[in-house]
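Below you'll find the structure, written out as structure tokens, and then a few comments.
In listed order, ligands and their atoms are each counted from 1.
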Amino acid sequence: MTETSFYDAVGGEETFRRLVHRFYEGVAEDPTLRPLYPESDLTGAEDRLRGFLIQYWGGPNTYSQQRGHPRLRMRHMPFVIGEPERDAWLRHMRDAVDSLDLPDELETRLWDYLVYAAHSLVNSPA
Ligand code: HEM
């Protein structure tokens, strides 16, 4: 019996493409978050987050081939991430997750991870 990865169960690359694209559509309009990201455009940031999530959930490991070990806490240190930034990030992610219309069990697994990860990246006290 072969085990299906979470990546395959939710629909593979296409699902992560939709998720992350929708998320960055929200970020693009967000006065708290937008200034943290590269001024020119969000395409590179979109590629990196999508690649990371694909790899994390059992898809191809292209992210680490291009970027090395994720070291997410370290990579977020240049940005001030307090509760407002975390909550804004999660608000756009919630909207993006909802847009996928996944079965409840898969949606809960994805969402719980994102909440946990976002909390773990706060690096600035209230
Ligand atoms: C990169 C902000 C949470 C994954 C970035 C960047 C910013 C940022 C400004 C640089 C953009 C770029 O790549 O050019 C935030 C804020 C968060 C947050 C404000 C709120 C808590 C998360 C979470 C994850 C994540 C929860 C993972 C589940 C990543 C990844 C990169 C990144 C993979 C690219 C790292 C690299 O390879 O350089 N984030 N982030 N972020 N973020 Fe976040």
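- When every heavy atom of A96 is checked against every heavy atom of F23, the shortest pair comes out as CB-N, 3.8 Å.
- Within a 6.0 Å sphere centred on CD of Q65, heavy atoms belonging to other residues, nucleotides or ligands number more than 12.
- For P38, every heavy-atom contact with ligand 1 shorter than 4.0 Å involves the side chain, none the backbone.
- Donor-acceptor pairing under 3.5 Å is recorded for the side chains of H92 and D30.
- Each of the atoms 28 (C) of ligand 1 lies under 4.0 Å from some heavy atom of Y113.
- The shortest N or O to N or O distance between Y63 and ligand 1 is below 3.5 Å.
- For atom 9 (C) of ligand 1, the nearest non-hydrogen atom from the set D47, L36, D30, L33 belongs to L36.
- The environment of CG in D104 is sparse: at most 12 heavy-atom neighbours from other residues, nucleotides or ligands sit within 6.0 Å.
- Side chain of E85 to backbone of G82: a donor-acceptor contact under 3.5 angstrom is found.
- Given atom 38 (O) of ligand 1, the protein heavy atom at minimum distance is R67 NH2, 2.6 Å.
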Kindly determine whether Q55 and T62 satisfy side-chain hydrogen bond (donor to acceptor under 3.5 Å, both in side chains), including the steps that lead there. CA-CA 7 Å; Q55 172 173 305; T62 317; over 6 Å; no
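- Some N or O of R48 is nearer than 3.5 Å to an N or O of ligand 1, by distance alone.
- Between W57 and R109 there is a side-chain heavy-atom pair separated by less than 4.5 Å.
- Of all protein N/O/S atoms, those under 2.8 Å from atom 43 (Fe) of ligand 1 are H76 NE2, and waters are not counted.
- The protein heavy atom nearest to atom 33 (C) of ligand 1 is F52 CB, 3.4 Å.
- Protein heavy atom closest to atom 2 (C) of ligand 1, with residue, atom name and distance, is Y37 OH, 3.2 Å.
- Residues meeting the side chain to side chain contact (heavy atoms under 4.5 Å, CB included) test with D8, sequence neighbours left out: T4, S5.
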